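Right, one structure below, let's go through it.
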Amino acid sequence: MAKQKVTNEEPLEKQLWKAADKLRKNIDAAEYKHIVLGLIFLKYISDAFEVQYAKLQDEVKKGADPEDRDEYKADNVFFVPPSARWNFLKNSAKQSTIGKIVDDAMDAIERENSSLKGVLPKVFARQNLDPTSLGELIDLISNIALGTVKARSADVLGHVFEYFLGEFALAEGKKGGQFYTPRSVVELLVEMLEPYKGRVFDPCCGSGGMFVQSEKFVEDHQGRINDISIYGQESNQTTWRLAKMNLAIRGIDSSQVKWNSEGSFLNDAHKDLKADYIIANPPFNVSDWGGELLRNDGRWQYGTPPVGNANFGWLQHFIYHLAPSGQAGVVLAKGALTSKTGGEGEIRKALVEAGLIDCIVNLPAKLFLNTQIPAALWFMSRNRKNGKFRDRSKEILFIDARNLGHLINRRTRELSQEDIKQITDTYDNWRNKGGKYSHVPGFCAAAPIEKVASLDYVLTPGRYVGLPDEEDDFNFAERFTALKAELESQLKEEAKLNKQIEDNLKKIKL
């Protein structure tokens, strides 16, 4: 295959995506992503291994052994056995059995590296992936430009991996959004929270984008990567595997990113964790979350969330896991700003009165791939009187960013760097000591708690910044989803009640 040339017109990752997508043919994007991302990951760990291998070869006279796996473990490099090294796969790319060769390579790597057990895809010998296309894909990935240093390899391949995650999410549409939070939203959350140091937690972590961006934030601001540690949980095993690969390719320790099928509500993998930062994008308006089994759960300190909607369950789960001075930045369906169904209004009131809500950001439409439901960001803090920032305990900042962002295609919008900076600067100036905050009609307003109470604890920014809020208060699609969830919950309860009546009648007859 001809070597890919990097032109001024188009970045390397876009050229690679177009070429890889052409080879997809009749394979669904949902399946194809594991093939492509699996190969990129394999290329990364093989490159990192080769750098370490060459270094050890130079030190053989000093007693180093290039084939001793412990020599790699000491430097946080995965050991790659001969049958899984990229050059071996590249030289085997034209064989008809290349699919089995790659699957065997994945198995061999998992055997040698316990942290990757059960993570890597073994999907390369399937009948719908013809050997010729797989061989061409291996040739294509072989041409990713790399330097001679592991860090350069991680940077280039990590960037390509991240770009491909986003493109596959776009290609998959609704399903893709379940594992991927749009990059501009992640950047905004991280830039506003500023996770320089401490424990970063995401209990619904998808493919790990929040963690990658947190590490990038520290690097960009000349901090020390070792000053933050990450904790995560994911209930979808396929998505968890993507997260483990995404983090490994960045050299981020993912040992505390856990998977179980029950999820964070029913099987909290980090029960005792108190995090300094929580950054999360939980699924919106989930009705089947196990709420009926958790009526007396200790996490519901501000009110028991309704069985038919997990939104206020998520908010309280986050708060439960915050350290005494911890902060959270999370995405939630915009309906949670106004809803009163199942006691949600009372929970929202309790959160406001407890001084936990720091800032609400109303987001533009069409940012998310998996839903048309409008969204907002909630920023919460356990200690709004703390010394790091000024005392904001008597007010809440409202930002209405509905008019920001630009379309990248007919269905999808994203925030620009300028948009992110405008929102972040507003928040920084408001909460920092000596910040030069000022009210901007139609965009931002700092409202005293008394005003929020007078508006019945409704938190839609339009009410406070001066924008017309008719559309802000009602969204048909979201209201329909919420009502449907409520109806399903009622039907479940009725079915249980009918079953109990039938059982009792049978006992009476006996």
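Because the structure is a prediction, the values reported are computed rather than measured. Start at 1 with the first residue, then count along the sequence.
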Take Lys216 and Glu187, measure what salt bridge (charged side-chain N to carboxylate O under 4.0 Å, His left out) needs, and give me the verdict at the end.
CA-CA 10 Å; Lys216 185 176 185 301; Glu187 282 188 35; over 6 Å; no

State, to 0.1 Å, how close Met245 and Phe161 come at their nearest heavy-atom pair, and which atoms those are.
CB-CZ, 4.0 Å

Check: Phe168 ring centroid to Trp17 ring centroid under 6.0 Å
yes

Any side-chain donor near an acceptor of the partner, Trp259 and Ser235, under 3.5 Å:
no

Evaluate the criterion salt bridge (charged side-chain N to carboxylate O under 4.0 Å, His left out) for residue pair Arg183 and Glu414; output intermediate values, then yes/no.
CA-CA 8 Å; Arg183 185 175 179 178; Glu414 74 175 13; over 6 Å; no

Write out all pairs satisfying side chain to side chain donor-acceptor pair (under 3.5 Å) with one or both partners inside residues 267-276, taking only residues at least two apart or from two chains.
Arg199-Asp276, Glu262-Asn267, Asp268-His321

Pair Phe79 + Tyr72: ring centers closer than 6.0 Å:
yes

For Leu322, which of Asn383, Leu356, Ile278 qualifies under side-chain contact (heavy atoms from CB on, under 4.5 Å)?
Ile278

Taking only residues two or more places apart in sequence, or in another chain, which ones meet His221 in a ring pair (Phe, Tyr, Trp, His ring centres under 6.0 Å)?
Tyr196, Phe217

For residues Lys25 and Ser133, is any side-chain donor paired with an opposing acceptor at under 3.5 Å?
yes

If only side-chain N and O atoms count, and only distance matters, is there a donor-acceptor pair under 3.5 Å linking Asn113 with Ser115?
no

Between Lys244 and Ser254, do the side chains contain an N or O donor and an N or O acceptor separated by less than 3.5 Å?
yes

Carefully, step by step, assess Tyr437 and Leu397 under the rule side chain to side chain contact (heavy atoms under 4.5 Å, CB included).
CA-CA 11 Å; Tyr437 170 79; Leu397 177 65; 3.7 Å; yes

After noting the C-alpha distance and the side-chain angles of Asp75 and Gln52, does the key distance pass the side-chain hydrogen bond (donor to acceptor under 3.5 Å, both in side chains) rule?
CA-CA 9 Å; Asp75 281 340; Gln52 184 74 356; 2.7 Å; yes

Under 3.5 Å side-chain donor-acceptor pair for Asp358 and Tyr427
yes

Report the C-alpha distance between Glu167 and Lys14 in whole Å, list the side-chain angles of each, state the deciding distance to 0.1 Å, and finish with yes or no for salt bridge (charged side-chain N to carboxylate O under 4.0 Å, His left out).
CA-CA 10 Å; Glu167 291 299 312; Lys14 286 191 178 180; over 6 Å; no

So, Asp227 and Arg224, do they make that salt bridge, N to O below 4.0 Å?
yes

